Amino acid sequence: MYLGIKVGPDNWREKLLNGLSVGHVEIYHDFDLDDDYAPLYAWLRANGVRGRLHASSSLPGEVMATLGTPDVEVREASIALTKRTIDVAAENGLDGVVVHSGSYLVPRLNEGRVEVIGPDTSSEEGRRWLREALAELADYGRARGVEPLIENMPGYEFAGYGPMDRSYGVDVRFVTVQTLCELGEAGFSLCVDLAHLYTELMVAQRANGLHGSVREAVAQLAPYARHVHLSTVTPPWNGTDGHSGFLESDYALGAIPERARLLALLEPFA
């Protein structure tokens, strides 16, 4: 693995044109911002910087893409959207796309607030839909030289976006760590998000304590990981992901994992 930073069309100049030496980037990709990406891709090619995409687009009506729902229309639209992202990666010489495993319910944004609109399903049925969708995406990506990387999700969705609202979490029944382990065992490549592990296991309330549970999950997921998100989470401890960092200002707010624990968590990936 290689250390890199995450950028997008709104901040890549600030991050990449300031003299910082970067060999790898992850680019959050949203088709609504498509026209803003061309200069970034051109810069990557000109400077020999390697990259991967993060599939960040929503479906029409601000419905969040998800691959494990029994809603055929949403599931097929989510697969098609991910294929389009794989196409963009292939066309720009990028070798991977981080894909959200998603949820068994279907969330959408309604005036910036998260609400559930899709039907519920059993975990068994949801895993079946998810695995079938990922198999189709893996075949599609393989043909284009782009590897889908399945990301573990947090415990709960934000209450709202724009601005981000973590006052409470919405349970959209995200895919669990155990399901990600099963996908890894089945041959799928994973993206492990450390802050997402903390937020999921805060909700799960494992018997061996939060940090111990995260260490256990990392050990299970690491053999299948081809991409890792380094991040922390700050209070409130309600299962929502804060996408926090490693600055003194983050740790002053109580961000976890602390630096020593973070370094220990990285050992299984080395």
Side-chain angles (χ1 to χ4, degrees), residues 1-6 24 26 52 54 68 96 98-104 123 126-127 130-131 134 147-158 166 169-270:
M1 292 189 184
Y2 304 90
L3 188 64
I5 64 173
K6 192 170 184 176
H24 295 76
E26 178 183 343
R52 290 172 171 170
H54 188 291
V98 175
V99 179
H100 282 176
S101 51
S103 55
Y104 299 140
S123 297
R127 287 199 300 270
L130 175 63
R131 186 161 174 170
L134 292 175
E147 185 175 29
L149 304 149
I150 318 307
E151 182 181 357
N152 62 296
M153 301 302 291
Y156 292 140
E157 186 53 89
F158 300 128
R166 297 181 65 220
V170 179
D171 186 2
V172 298
R173 297 193 63 218
F174 278 128
V175 172
T176 65
V177 164
Q178 184 55 46
T179 298
L180 266 290
C181 290
E182 294 169 1
L183 291 171
E185 292 168 358
F188 295 99
S189 296
L190 305 182
C191 166
V192 176
D193 187 304
L194 296 179
H196 286 180
L197 286 180
Y198 272 88
T199 54
E200 177 185 348
L201 297 175
M202 286 172 187
V203 175
Q205 296 180 336
R206 299 290 181 90
N208 58 345
L210 179 59
H211 295 297
S213 298
V214 172
R215 285 198 307 272
E216 178 183 302
V218 164
Q220 292 174 323
L221 295 170
Y224 316 114
R226 301 293 179 269
H227 198 90
V228 178
H229 283 168
L230 304 182
S231 53
T232 62
V233 61
T234 54
W237 309 126
N238 59 7
T240 59
D241 177 23
H243 287 91
S244 302
F246 315 99
L247 302 178
E248 292 302 331
S249 56
D250 297 305
Y251 287 113
L253 294 174
I256 56 174
E258 302 86 345
R259 289 190 177 95
R261 281 198 165 108
L262 174 69
L263 292 174
L265 290 172
L266 294 181
E267 291 177 2
F269 298 107

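All figures in this text were calculated on a predicted structure; none of them were measured in a lab. Start at 1 with the first residue, then count along the sequence.
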> Can you list every ring-ring contact (aromatic ring centres under 6.0 Å, His included) pair that touches residues 236-270, not counting sequence neighbours?
Replying inline: none
> Distance from Leu221 atom CG to Asp193 atom CG, nearest 0.5 Å?
Replying inline: 11.0 Å
> Can you check side-chain contact (heavy atoms from CB on, under 4.5 Å) on Met153 and Val172, steps first, answer last?
Replying inline: CA-CA 11 Å; Met153 301 302 291; Val172 298; over 6 Å; no
>> Once you measure the plane-to-plane angle for His196 and His100, does it fall in the parallel (<30°), tilted (30-60°) or perpendicular (>60°) bin?
In response: perpendicular
> Sub-3.5 Å donor-acceptor pair from the side chain of Arg166 to the main-chain atoms of Pro235, do we have one?
Replying inline: yes
>> Return the CZ to CG distance between Arg127 and Leu134, rounded to the nearest 0.5 Å.
In response: 13.5 Å
> How long is the gap from CG on Leu194 to CZ on Arg261, to the nearest 0.5 Å?
Replying inline: 13.5 Å
> With no hydrogens and no angle check, is any side-chain donor or acceptor of Thr240 less than 3.5 Å from a backbone partner on Glu157?
Replying inline: no
>> Quick check: closest heavy atoms across Ala217 and Leu197, and the distance to 0.1 Å?
In response: CB-CD2, 4.1 Å
>> Using side-chain contact (heavy atoms from CB on, under 4.5 Å), reason through Leu262 and Thr232 one step at a time and then give a plain yes or no.
In response: CA-CA 9 Å; Leu262 174 69; Thr232 62; 5.7 Å; no
>> Check whether Glu147 reaches the backbone of Ser189 with its side chain - one donor and one acceptor, N or O, closer than 3.5 Å.
In response: no
>> Under 4.0 Å between a side-chain nitrogen and a carboxylate oxygen: does that hold for Arg131 and Glu185?
In response: no
> Minimum heavy-atom separation for Pro154 to Gly239, with atom names?
Replying inline: CB-O, 3.9 Å
>> For a quick test of reading the model, state the closest non-hydrogen atom pair linking Gly96 to Leu149 and the distance between them.
In response: CA-CD1, 4.2 Å
>> Return the OG1 to CD1 distance between Thr179 and Ile150, rounded to the nearest 0.5 Å.
In response: 12.5 Å
> CG of Leu263: more than 12 outside heavy atoms within 6.0 angstrom?
Replying inline: yes
>> Strictly distance-based, threshold 3.5 Å: is any side-chain N or O of Arg173 a donor or acceptor partner for the main-chain N or O of Tyr104?
In response: no
>> The test is side-chain contact (heavy atoms from CB on, under 4.5 Å); show your working for Glu182 and Leu130 and say whether it passes.
In response: CA-CA 12 Å; Glu182 294 169 1; Leu130 175 63; over 6 Å; no
> Rounded to the nearest 0.5 Å, what separation is found between the CG atom of Asp241 and the OG1 atom of Thr234?
Replying inline: 9.0 Å
>> Tell me the closest heavy-atom pair linking Val233 and Gly242, and the distance in Å.
In response: CG2-N, 3.8 Å
>> One pair to check against side-chain contact (heavy atoms from CB on, under 4.5 Å): Tyr198 and Leu265. What are the steps and the verdict?
In response: CA-CA 12 Å; Tyr198 272 88; Leu265 290 172; 3.8 Å; yes
> When Tyr224 is tested against each of Val192, Leu190, Leu183 for side chain to side chain contact (heavy atoms under 4.5 Å, CB included), which residue passes?
Replying inline: Leu190
> Nearest 0.5 Å, what's the OH-OG1 distance between Tyr156 and Thr199?
Replying inline: 11.0 Å
>> With side-chain hydrogen bond (donor to acceptor under 3.5 Å, both in side chains) as the test, pick out the partner of Arg52 among His227, His24, Glu26.
In response: His227
> Which heavy atom of Ala219 sits nearest a heavy atom of Pro223, and at what distance?
Replying inline: O-CD, 3.4 Å
> Is a side-chain N or O of Ser101 found less than 3.5 angstrom from the main chain of Glu151, in a donor-acceptor match?
Replying inline: yes
